[in-house]
There are 2 protein chains.
Amino acid sequence: MATITDVAQAAGVSISTVSYALSGKRSIAASTRQRIMRAIDELEYEPNAGARMLAGARTNILALSAPLGPDGHLPTHMRFVTSVVEAARAHDYDVLLLATDDEVSGIRRAASRSLIDGVVIMGVATVDERVPLVRRLGLPSAFIGVPPGIDDMSCIDLDFDRAGRDAVAMLADAGHAAIGVIGHPHSYVDRDTNFIRRFTHGFDEECRARGVRTATQWPEIGRSGGQQAYDLLREQLPDMTALVFHCNEPIVEGALRRISELGLSIPGDLSVLAACASYAADELETPLSAIPLPLDEMCHSAVENALALVDALGHPKVTLIAPTYLDRGSIAAPKPAAHPA
Amino acid sequence: MATITDVAQAAGVSISTVSYALSGKRSIAASTRQRIMRAIDELEYEPNAGARMLAGARTNILALSAPLGPDGHLPTHMRFVTSVVEAARAHDYDVLLLATDDEVSGIRRAASRSLIDGVVIMGVATVDERVPLVRRLGLPSAFIGVPPGIDDMSCIDLDFDRAGRDAVAMLADAGHAAIGVIGHPHSYVDRDTNFIRRFTHGFDEECRARGVRTATQWPEIGRSGGQQAYDLLREQLPDMTALVFHCNEPIVEGALRRISELGLSIPGDLSVLAACASYAADELETPLSAIPLPLDEMCHSAVENALALVDALGHPKVTLIAPTYLDRGSIAAPKPAAHPA
DNA sequence: GCGCATTGTCGAAGCGCTTCGACGATCGTC
DNA sequence: GACGATCGTCGAAGCGCTTCGACAATGCGC
């Protein structure tokens, strides 16, 4: 392993000159810089991480606090994790993965050891212990998700409220007067997960404003949960002509299967919208029109937010990403005066 | 942030005494040790990671090289990642996640910066560039998976060859003479993924030894791939009475759906075995008997292997975990002289 | 020409810890 | 009593880097 001293000797300068050439914090003559860079290439020099951390108080490591509970949706989780790693790499940052159940102790440990420059926090609960922790630590932090009532933190999220409204508007504009919702597993709801509340709030408000009748089922996890939820919805809302999925793909698949078993066609008999979909709604057996979850954009923004705070260039801000719409033909006007579902 | 100097002052000893009390590398009087530990508690001291790395050449970070290709199975991947993180935590190690496409540069970077003590490598291809890299770097490395012809590395894996043999034996013992296989997506096979070759080798050898006829389909990714694979298998092996899945759950689900559509019952008309299942085969619509992938055991062993090499306590070894069997009633004797599938 | 600002480079200090070498006190054996 | 081993603790060096303060040379404006 070549050290900075080796590079300095090879380039015929002092080690501080090498350090400045790398950091750009002082002017270096072009010819000197070239000599140094050549020496670095030839010696395959990589700065020692421990020395950099100790001397410069910058580690180039972000923690990702990504607790995976027993009911977590693995594909979505993995997508988030991967996207954060990619975004961090673009800034020469590595990601230390904190995936244990007790994420508070993970953050505390890594921060207290001065091992991380900042943290990206996902899986944000309504009352999230990580908020006061990072506040107390003064740790540059970026949330993927918005804990309610928090405005002194950097948060990025889809505008779930808007998404709920848009979902209703879209279906109401197509003529639907009775819209069912299959939501996330009730275990998420029991945990008072904030994004669900925001979506539901927007959805319900828009229904009220437009005189649309609605009912929601919070299913069990898994395909059978989706099937049962659809059956229950049909009882609750017998004239339902449109269905909104605000849940992940196993539930969606279960419900779609049930719809198919009942001989209902999409969108002929039932219009379907996948709202805030983290999955590829076009790869389902029936491709669904969707309001997609802008997962990559969220992750990239979260990393930018965290690094802005690390560099003291930014201040905490809450950013909501406007929902978009992907039309895959699963929405149409309801059949006249029929009771299709 | 309290430093070791603060602790030493509070305990009335030198900083080297504090260091020895923490490391246990020199004898410390019990009363002195107590004074020190009390000071550590009161000051909430955590050692500075950079200083430890620089002074002691031990980082307490393992890298996890976990490349996720475009056809990767996200749930399985996430399970592996989580399990490695958990295993590392048990040894007070954190995990640096290298999930970028070019995993060779990730390992090289982290090692060259002396940022990691070792690396756990998953997603092992038959010809894997990471093998010569870690060999050249002399980096303590543990593979989840066995690159063929490699015996100077620490590898842990299920004994896929044995699993293939056991699958045949189990079904042949129940009386099946024609067994179909739905394997992993052909894109995996195109990549010459070694665990598939080992499973297939054991499977085919055991079929030959027992005079069992067999055919294999390598489907497209996804549910429809599973459905098509099953249909093709029925054409290839019209008297097929048993089916082995050696693939992940979307394909399994697609094939199971097709089986159900054809009005076939499991195990009455068709015996089914999930081989090397990384998913919870008991949570499928039809719970399947399975040879499970011992994912957690593999990950924990890999971490142990890596740390043994870090501590220079172990030498590279290849360990194959014997397959186990979970009976969930999806295997029975074939119907006499019928052509059920 | 003089003074000030900029460019370019240097040596030294020090970040927080680990570990080496040393020393004093105590104990056990001859 | 003398010697060697062990226990217990210390101060100093140094790990590889960043950054401070300083200095010399050069360029520009008055």
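So you know, we letter chains A, B, ... as the sequences are listed, proteins then strands, and number each from 1.
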Enumerate, atom names and distances included, each donor-acceptor pair closer than 3.5 Å involving a side-chain atom of residues 22-34 of chain A, sequence neighbours excluded.
{"unit_1": "A:Ser23", "atom_1": "OG", "unit_2": "A:Ser19", "atom_2": "O", "d": "3.3"}
{"unit_1": "A:Ser23", "atom_1": "OG", "unit_2": "A:Lys25", "atom_2": "N", "d": "3.2"}
{"unit_1": "A:Arg33", "atom_1": "NH1", "unit_2": "A:Ala21", "atom_2": "O", "d": "3.1"}

Self-check item: Relative orientation of the end axes in the helix from C:dG1-D:dC30 to C:dC30-D:dG1, expressed as an angle to the nearest 10° (five pairs per end)
Solution: 30°
Residues [X], [Y]: salt bridge by 4.0 Å N-O rule:
X: A:Asp151; Y: A:Lys317; value: no
X: A:Asp159; Y: A:Arg198; value: no
X: B:Arg52; Y: B:Asp92; value: no

Can you measure [X] atom [atom1] to [N] atom [atom2] for me and round it to whole angstrom units?
X: B:Ile28; N: D:dG8; atom1: CD1; atom2: C1'; answer: 7 Å
X: B:Leu43; N: C:dG16; atom1: CG; atom2: P; answer: 14 Å
X: A:Asp6; N: D:dC15; atom1: CG; atom2: P; answer: 12 Å
X: B:Met53; N: D:dC15; atom1: CE; atom2: P; answer: 18 Å

Quiz item: Could you write nucleotides 17-29 of chain C as a row of B, S and -, 5' to 3', where a protein heavy atom under 4.0 Å of any base atom gives B, of only sugar-phosphate atoms gives S, and otherwise -?
Solution: BBBBBB-------
Quiz item: Does the side chain of A:Thr32 get closer than 4.0 angstrom to OP1 or OP2 of C:dT9 through an N or O atom?
Solution: yes
Quiz item: Among A:Ile150, A:Asp157, A:Val131, A:Val120, which one satisfies side chain to side chain contact (heavy atoms under 4.5 Å, CB included) with A:Phe143?
Solution: A:Val131
Exercise. Report the residue from A:Val18, A:Thr17, A:Ile15 that forms a side chain to side chain contact (heavy atoms under 4.5 Å, CB included) with A:Val7.
Key: A:Val18
Quiz item: Is the side chain of B:Thr193 donor-acceptor paired with the backbone N or O of B:Tyr188 at a distance under 3.5 Å, no angle test?
Solution: yes
Self-check item: Step-by-step salt bridge (charged side-chain N to carboxylate O under 4.0 Å, His left out) determination, A:Asp296 to A:Arg79
Solution: CA-CA 8 Å; A:Asp296 285 330; A:Arg79 283 194 202 100; over 6 Å; no
